[in-house]
Amino acid sequence: MCMRKNILPGLCISLLVFLVSCGPKHEAEENIFRYNEMGDVTSLDPAAARSFENIWVDNQIYNGLVQMGDSFHIKPCIAKSWDITNNGTIYTFHLRTDVYFQDDSIFPQGKGRQVVANDFVHSFFRLFDGRVSDATTLLNDVDRTYPGTIQGLSASNDSTFIIYLKKPYAPFMNILTMKYFSVVAIEAVDKFGLDFGEHPVGTGPFKLKNWVHGNKMVLAKNSHYFEKDAQGSPLPYLDGVVISFIKDMETSFLSFIDGKFDMVSGISAINTKQVFSSTGEMRKEFKDKFYLQRVPFLKTDYLGFMIDPTHLRDKNIVTTNATIRKAINYAINKEDLVRYLRYNVGIPAINGFIPPILTGNKNMKTVGYDYDPDKANALLNEAGYPNGKGLPEINIYIPDDFSPIAQHIQQQLQQIGLKVNIQRERPAVLAECVVSGQCYFFKKSWVGDYPDAENFLSLFYSKNFTPEGVNFFHYSNPKFDTLYEHSLAESNDSIRNAEYSEMDKLVMDEAPVVALYYDEVIRLVNKNISGLPIDPRNSLDLRFVKKKLPE
């Protein structure tokens, strides 16, 4: 999540002063959007657009064939229209002819050239290469042996780009809205090779001007950007974007309060005790200066179990027992967790794993686990551990920032006789522990890269076992797999959504996870900012942002 921070000591501001046509101005008077990033931007190559930190910047620099609109409707972008034929296996995109790459020294006279269909062939072809791409598995259904194509991709002319699939894949258009599938200038890729992420050239509303790693990044307006607003005025309205990299939350938040940043995003970036009352309402002193943005997030936070007994070195681990996993589910009061520890940010996850904003769990029809300690105790008795007697201790592995919630969970599990030891780990260490299967009870979250319930259910497909895939639990159910495979090719939305719901119910019945809460995207924004959209994917779109400057 993104946040801001105070001015860094020793930062060489002179390297990063943003010049505007009418001469230098005070920072607060510039038509520049400023935010702080507490994480690290590791690359500006869209092929490596795996983290929010990278994606937020990539969204300003690049465009793809299509983009996500309101209510998850697919909208044109560089592709003005498309056809899906041959039983859903051939995707033909008809491109705009007025899109140009950003001006850069890689082009003759430094002028960006027109984007053509072959640029998409080259850009997508790069995604097959695991050395540069985090998106290789997303292209598994491309028919790379299709005759007369380059690995299943072709350009029949400058404005027609075609993708050939091996079989129908219902979520494919949603997947194409991801930043991985942006068009890049092949001249820049050829020149910079694996360092292209340091020298990005795209078509987006802003272009990279300066990047001092760990200190500051400056994006400048792309004056030749192709999109216009409803009145025909060119986008973007801003002259640029400045991103700081302050790691300390308190320093970042105080800088936002002092007006050094225009937005702060995410519960981990906001001083919740200071901003919200105990009921989750924003305090008056903040309402006077800032406005709150809040929408459901395509994100489920959960506790996971490694349930495959053949994968466990410690044969005394009780979480392979589904009855005990169900007892743990019933023992955790998710309502209190959200109300008191998250200031009502989020929705208690008592209705399955799929976030309720997605079809497949609309209106939260899936029956999950609410708080019922009596049921928890009855299940432990059924498993042969009355009142928890004889239950071995279990470790729960968590990231450091989850400690308060972990302690809440620890206390509640102790009430049913299950002793839990909290093991705090750095995020990278925890991720490796989970992927390798050495953490048997762990905290994770899943963020939907695209708005389809299949993205969440993929965690439970048996062919996605870690370490190659994302099934961290080694959950395997033949009925689930059959439904999952059928849903991928099902073009009827009603049938597919019913299958999603049935899969979610199967997961709940066998409890390889404890779904804790469906998260929310939450931001505080300075009242001098308008036109900043917010959406369930937590994307950052600065095309339509306007900043009211002091008179």
Side-chain angles (χ1 to χ4, degrees), residues 1 46 49-52 54-56 58-59 62-77 79 82 84 88 91 134-135 137-139 141 168-182 265-266 293-302 346-347 349 351-366 445-461 464 470 484 487-504 507 515 517-523 533-541:
M1 293 289 184
R50 186 174 184 85
S51 68
F52 277 114
N54 290 3
I55 293 170
W56 274 27
D58 287 343
N59 205 40
Y62 300 101
N63 299 101
L65 293 164
V66 291
Q67 58 190 323
M68 190 63 66
D70 295 338
S71 302
F72 301 139
H73 291 142
I74 307 295
K75 292 174 53 179
C77 192
W82 54 89
I84 304 173
Y91 287 69
D134 292 324
T137 58
L138 295 173
L139 294 172
D141 288 302
Y169 183 35
F172 192 60
M173 285 298 295
N174 281 324
I175 286 174
L176 292 180
T177 66
M178 298 169 68
K179 295 315 294 182
Y180 294 125
F181 302 99
S182 303
S265 175
Q293 290 186 319
R294 185 172 185 166
V295 298
F297 195 178
L298 288 177
K299 179 172 178 277
T300 299
D301 283 69
Y302 66 91
I347 301 168
N351 295 97
F353 192 78
I354 302 171
I357 192 173
L358 289 176
T359 52
N361 196 13
K362 280 284 188 181
N363 303 317
M364 295 188 283
K365 293 180 179 179
T366 302
S445 60
W446 186 258
V447 179
D449 298 310
Y450 47 92
D452 193 295
E454 177 269 338
N455 190 230
F456 287 80
L457 295 169
S458 66
L459 273 71
F460 307 100
Y461 182 46
N464 285 342
V470 293
Y484 181 82
S487 70
L488 295 182
E490 178 54 64
S491 60
N492 184 299
D493 290 344
S494 296
I495 295 175
R496 190 167 69 253
N497 291 333
E499 290 173 334
Y500 288 162
S501 295
E502 189 171 355
M503 283 184 272
D504 203 14
V507 171
Y517 51 87
Y518 316 113
D519 209 350
E520 291 181 296
V521 182
I522 185 167
R523 297 174 181 167
I534 185 169
D535 66 78
R537 296 202 300 177
N538 193 21
S539 58
L540 183 65
D541 181 358

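Because the structure is a prediction, the values reported are computed rather than measured. The basis for the numbers below is simple: all heavy atoms, side chains too, and nothing from hydrogens, waters or symmetry mates.
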- Can you check whether Gln293's main-chain N or O pairs, donor with acceptor, with Arg523's side chain at less than 3.5 Å? no

- List for me each residue that meets salt bridge (Lys or Arg N to Asp or Glu O under 4.0 Å) alongside Asp541, sequence neighbours excluded, and say none if there are none. Arg543

- Query: Hey, is the main chain of Ile74 close enough, under 3.5 Å, to the side chain of Gln67 for a donor-acceptor pair?
  - Reply: no

- Message: Checking Ile84 against Phe172 for the side chain to side chain contact (heavy atoms under 4.5 Å, CB included) test, could you report, in this order, the C-alpha distance in whole Å, the side-chain angles of both residues, the deciding distance, and whether it holds?
- Response: CA-CA 11 Å; Ile84 304 173; Phe172 192 60; over 6 Å; no

- Task: State, to 0.1 Å, how close Cys77 and Gly64 come at their nearest heavy-atom pair, and which atoms those are.
- Result: CB-O, 3.4 Å

- Task: Keeping the roles fixed (side chain from Asn464, backbone from Val470), state whether a donor-acceptor pair exists under 3.5 Å.
- Result: no

- More than 12 heavy atoms from other groups under 6.0 Å of CG on Asn492: yes

- Task: Kindly compute the distance separating OG (Ser458) from CH2 (Trp446), expressed to the nearest 0.5 Å.
- Result: 5.0 Å

- Where do Lys179 and Ala49 come nearest, in terms of heavy atoms and distance? CB-CB, 3.9 Å

- Looking only at heavy atoms, what is the nearest atom pair of Ile357 and Pro536, with distance? CD1-CG, 3.3 Å

- Query: Between Lys299 and Ser445, is there a donor-acceptor pair closer than 3.5 Å when you use the side chain of the first and the backbone of the second?
  - Reply: no

- Would you say the side-chain atoms of Tyr518 pair up with the backbone N or O of Asn351, donor to acceptor, closer than 3.5 Å? yes

- Using modelled atom types only, decide if a donor and an acceptor are shared between the side chain of Asp519 and the backbone of Phe297 within a distance under 3.5 Å. no

- Task: Determine whether Met68 and Asp535 make a side-chain contact, defined as any pair of heavy atoms from C-beta on separated by less than 4.5 Å.
- Result: no

- Query: Atom CG of Leu457 and atom OH of Tyr484: how far apart are they, to the nearest 0.5 Å?
  - Reply: 7.5 Å

- Note on the structure: Distance col, row Glu454:CD vs Tyr169:OH, nearest 0.5 angstrom, shows 4.0 Å

- Query: Which atom names give the shortest non-hydrogen contact between Gly448 and Asn455, and what distance separates them?
  - Reply: CA-OD1, 2.9 Å

- Query: Is any side-chain heavy atom of Trp82 closer than 4.5 Å to a side-chain heavy atom of Tyr91?
  - Reply: no

- Rounded to the nearest 0.5 Å, the CG atom of Asp141 sits from the CG atom of Leu488 at a distance of 7.5 Å

- Message: Is it the case that the side chain of Asn54 and the backbone of Arg50 share a donor-acceptor pair, with hydrogens and angles ignored and the cut-off at 3.5 Å?
- Response: no

- Item | Shortest non-hydrogen contact from Ala170 toward Ser487 | CB-O, 4.2 Å

- Note on the structure: Sorted by chain and residue number, the ring-ring contact (aromatic ring centres under 6.0 Å, His included) partners of Tyr450 (sequence neighbours excluded) come out as none

- Less than 4.5 Å apart, any side-chain heavy atom of Asn174 and any of Phe72? no

- Message: Within this structure, what is the CD-CG distance for the pair Glu502 and Asn497, rounded to the nearest 0.5 Å?
- Response: 13.0 Å

- For Asp449 and Arg537, work out which heavy atoms get closest and say how close. O-NH1, 3.6 Å

- Any side-chain heavy-atom pair of Tyr180 and Leu139 under 4.5 Å: no

- Task: Nearest 0.5 Å please: distance from the OG1 atom of Thr300 over to the CZ atom of Phe456.
- Result: 5.0 Å

- Going by heavy atoms in the side chains, are Trp56 and Asn59 under 4.5 Å from each other? no

- Side-chain heavy-atom pair Leu358, Tyr500 within 4.5 angstrom cut-off: no

- Query: Would you say Asn538's side chain and Val521's backbone share a donor-acceptor pair under 3.5 angstrom?
  - Reply: no

